Amino acid sequence: MDETTNPAAVAPAEQSSQLLGYPPGARLLIVNCDDFGMYPAINAAVIESIEEGIASSCSLMVPCPAAPQALEMLSRSPRIPFGIHLTLVRELPGIPWGPLTAKERVPSLLDPVGKLFSPSPAGRAALLGQARLDEIELEFRAQINAVADAGLAPTHLDFHCLADGGREDILDLTVVLAAEYGLAVRVWLEPGRRTMRKRGLPVTDNDFLDSFSLGIEGKAARYVQMLRDLPAGLNEWAVHPSLGDEESQAVDGGWPVRRTDYEFLTSQQARDVLQQEDIAVIDYRTIQQVWSRGTSFG
C-alpha cells in the first residue's frame, strides 16, 4: 500500500472529518446502500437497512425499471438521504435498462448493438474509450433532472461500476454538475481525493469499501472486525443489500453478496458494535453543506 492510500498517511490537519467539525480522533462512517432502484427486492432491503438497520443513506439508479418505485418510497420517507448513482452501464440481462436520453443523441454511450455496455473490464474499457463528454453530460443531466422533476432533493452524486467516473474528465464534469445543483460527489481514488482535499472539499480519508470485494463466508465477522479496526477520520462503505428472494436469485448472480449485506446491516450485532466502538454514522447531508460552500458553477 502506498502513502496515498495508507490511512496513517493522512495528516490530522487534512482529515475531512475535521472539515465537518469533528475532533481529530473521531471515527466517522457513511454506510451507503448502492443500486437503489435496480429491482424491487433491492428497494425493500435498502429502505429496511436505513430505517431499521445501520445504513445511513442510499444511491438511486435512475434509469432502472424499479426506479419509479424507489422514488415513491423516498417521497414517503423524506428523511432518508439519498444520492444519484450515475449509471452508464448495465449488467443484468434479465433487467434491461438504457439511457434516459434518446439513443440517437448519445450514440457514443452505446455498444455496437445499441445497448449500454456491460461493466466487465472489456465493456468499461470500450465505453471509456469512445464516450464523448458532451453526451455523458446530456445523460447525467437527464438522470439528475428526473429526480428533481419528482420533487426530491438528493445529497450527492456517485457512480455505478465506474470508480470516480472512470476518467479524469468525467470526474471533473461531475464536480461541475455537483456545484451547479448544490450536491457533493463521492471521490475515493487518487489523485481525485488529493485534488478535492486541496480545494477544502471533504472526501473519504481512508480506504473505501465496496462490499462486492468481500467474501461471502464469514462476512458478518469480517464486518465486525472492520468496525473495531475503523481508523480515525471519514470512512465510507458502499454496501449492496437485497432481500435475496426468488426474484433476486432469478435475475442477479450477485444476490448472495446482497443478501449477506442485508443480514448484517439489519442485525442487532451491527448496532451493538457501533455503540461499543463509539463510531458516528453520518450521511452526505453534512458533506453536501461543505461542498456547496466550497464549489461554484462555472
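Remember, predicted model here, so these are calculated numbers, not experimental data.
Rounded to the nearest 0.5 angstrom, Ile136 CD1 and Asp169 CG are separated by 6.5 Å. A distance of 3.5 Å separates CD1 in Ile80 from CD1 in Ile47, rounded to the nearest 0.5 Å. The CG atom of Asp278 sits 11.5 Å away from atom CG of Leu230, with the distance rounded to the nearest 0.5 Å. Of the inter-residue distances, the one linking Phe159 atom CZ with Leu86 atom CG reads 6.0 Å to the nearest 0.5 angstrom. Going from atom CE of Met73 over to atom CD of Gln69 covers 4.0 Å, rounded to the nearest 0.5 Å. Distance check: Leu133 CG to Leu173 CG gives 5.0 Å after rounding to the nearest 0.5 Å.
Each of Cys58, Ser49, Ser56 was checked for a side-chain contact (heavy atoms from CB on, under 4.5 Å) with Val31, and the lone residue meeting it is Ser56.
Looking at Ser242 and Arg259, their side chains never come closer than 4.5 Å, going by heavy atoms from C-beta outward. With a 4.5 Å cut-off on side-chain heavy atoms, Val224 and Gln269 count as touching. Counting heavy atoms from C-beta outward, Tyr181 and Pro154 have side chains that stay 4.5 Å or more apart. Using a 4.5 Å heavy-atom threshold, the side chains of Ser59 and Ile84 count as separate. Using a 4.5 Å cut-off on side-chain heavy atoms (C-beta onward), Phe82 and Val147 make contact. Taking the side chain as every heavy atom from C-beta outward, Trp97 and Thr87 approach each other to under 4.5 Å. Counting only heavy atoms from C-beta outward, the side chains of Ser118 and Arg90 never approach each other to under 4.5 Å. Considering only heavy atoms from C-beta on, Lys219 comes within 4.5 Å of Val257 through its side chain.
Looking at Asp111, its side chain does come within 3.5 Å of a backbone N or O of Gly114 through a donor-acceptor pair. Between the Arg132 side chain and the Ser108 main chain, no donor and acceptor come within less than 3.5 Å of each other. Between the Gln130 side chain and the Leu110 main chain, a donor and an acceptor come within less than 3.5 Å of each other. With Asn32 contributing its side chain and Ala238 its backbone, the two residues share no donor-acceptor pair below 3.5 Å. For Asp205 (side chain) and Leu234 (main-chain N/O), a donor-acceptor pair under 3.5 Å exists by modelled atom type. Side-chain atoms of Ser16 come within 3.5 Å of backbone N or O of Val203 as a donor-acceptor pair. With Arg27 contributing its side chain and Pro231 its backbone, the two residues share no donor-acceptor pair below 3.5 Å. In this structure a side-chain-to-backbone donor-acceptor pair under 3.5 Å is missing from Arg228 to Val273. A donor-acceptor pair under 3.5 Å links the side-chain atoms of Asp210 to the main chain of Phe212, judged by distance alone. Using modelled atom types, one side-chain atom of Glu139 and one backbone atom of Thr101 make a donor-acceptor pair closer than 3.5 Å.
Inspection of the Asp34 and His160 side chains reveals no N or O donor paired with an N or O acceptor under 3.5 Å. With hydrogens and angles left out, the side-chain atoms of Asp245 and Ser248 include a donor and acceptor closer than 3.5 Å. Inspection of the Tyr262 and Glu48 side chains reveals an N or O donor paired with an N or O acceptor under 3.5 Å. Side-chain contact, Asp229 with Gln225: a donor N or O sits under 3.5 Å from an acceptor N or O. Defined by atom type and a distance below 3.5 Å, a donor-acceptor pair is missing between the side-chain atoms of Tyr284 and Asp158.
With hydrophobic clusters built from ILVMFWY side chains whose heavy atoms lie under 4.5 angstrom apart, Leu128 shares a cluster with Leu88. A single hydrophobic cluster is seen to contain both Leu201 and Val187, as judged by linkage of ILVMFWY side chains at heavy-atom distances under 4.5 Å, directly or through other members. Both Ile170 and Ile144 belong to a single network of hydrophobic side chains, linked directly or stepwise wherever heavy atoms of I, L, V, M, F, W or Y lie under 4.5 Å apart. Residues Met196 and Tyr22 share a single hydrophobic cluster, defined by chaining ILVMFWY side chains whose heavy atoms lie under 4.5 Å apart. When hydrophobic clusters are built by joining Ile, Leu, Val, Met, Phe, Trp and Tyr residues whose side-chain heavy atoms come closer than 4.5 Å, directly or via intermediates, Leu209 is not grouped with Ile30.
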Task: Test side-chain contact (heavy atoms from CB on, under 4.5 Å) applied to Ile282 and Leu29, step by step - done: CA-CA 6 Å; Ile282 68 168; Leu29 177 61; over 6 Å; no
TODO: Assess whether side-chain contact (heavy atoms from CB on, under 4.5 Å) is satisfied between Asp134 and Glu137, documenting all intermediate values.
DONE: CA-CA 5 Å; Asp134 59 331; Glu137 180 176 352; 5.6 Å; no
- [ ] Please report the C-alpha distance between Leu116 and Val89 in whole Å, then the side-chain angles of each, then the deciding distance to 0.1 Å, and finally whether the side-chain contact (heavy atoms from CB on, under 4.5 Å) criterion is met.
- [x] CA-CA 5 Å; Leu116 291 177; Val89 297; 5.6 Å; no
TODO: Run the numbers on Val46 and Ile42 for side-chain contact (heavy atoms from CB on, under 4.5 Å), then give the verdict.
DONE: CA-CA 6 Å; Val46 167; Ile42 288 178; 3.9 Å; yes
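By the 4.0 Å N-to-carboxylate-O rule, Glu236 lies close enough to Arg186 to be salt-bridged with it. Here Asp252 pairs with Arg258 in a salt bridge; the nearest charged N to carboxylate O distance falls below 4.0 Å. A salt bridge links Glu190 with Arg197: the distance from a Lys NZ or Arg NE/NH1/NH2 to an Asp or Glu carboxylate oxygen falls below 4.0 Å.
With a 6.0 Å radius and a threshold of 12 heavy atoms from other residues, nucleotides or ligands, Glu168 has its CD atom at or below the threshold. Within a 6.0 Å sphere centred on CD of Gln268, other residues, nucleotides and ligands contribute more than 12 heavy atoms.
Shortest non-hydrogen contact noted between Ser211 and His240 is OG-ND1, 2.7 Å. For Arg285 against Arg79, the heavy-atom pair with the smallest separation is NH1-O, 3.6 Å. Smallest separation of non-hydrogen atoms from Asn235 and Thr204: CA-OG1, 3.8 Å. Across all non-hydrogen atoms, the minimal contact from Ile54 to Val281 is O-CG1, 3.7 Å. Nearest heavy-atom pair across Trp291 and Leu183 is CB-O, 3.9 Å. For the residue pair Asn43 and Ala70, the shortest heavy atom distance occurs at ND2-N, 3.7 Å.
Aromatic ring orientation, Phe208 versus Trp188: parallel (interplanar angle below 30°, classes split at 30° and 60°).
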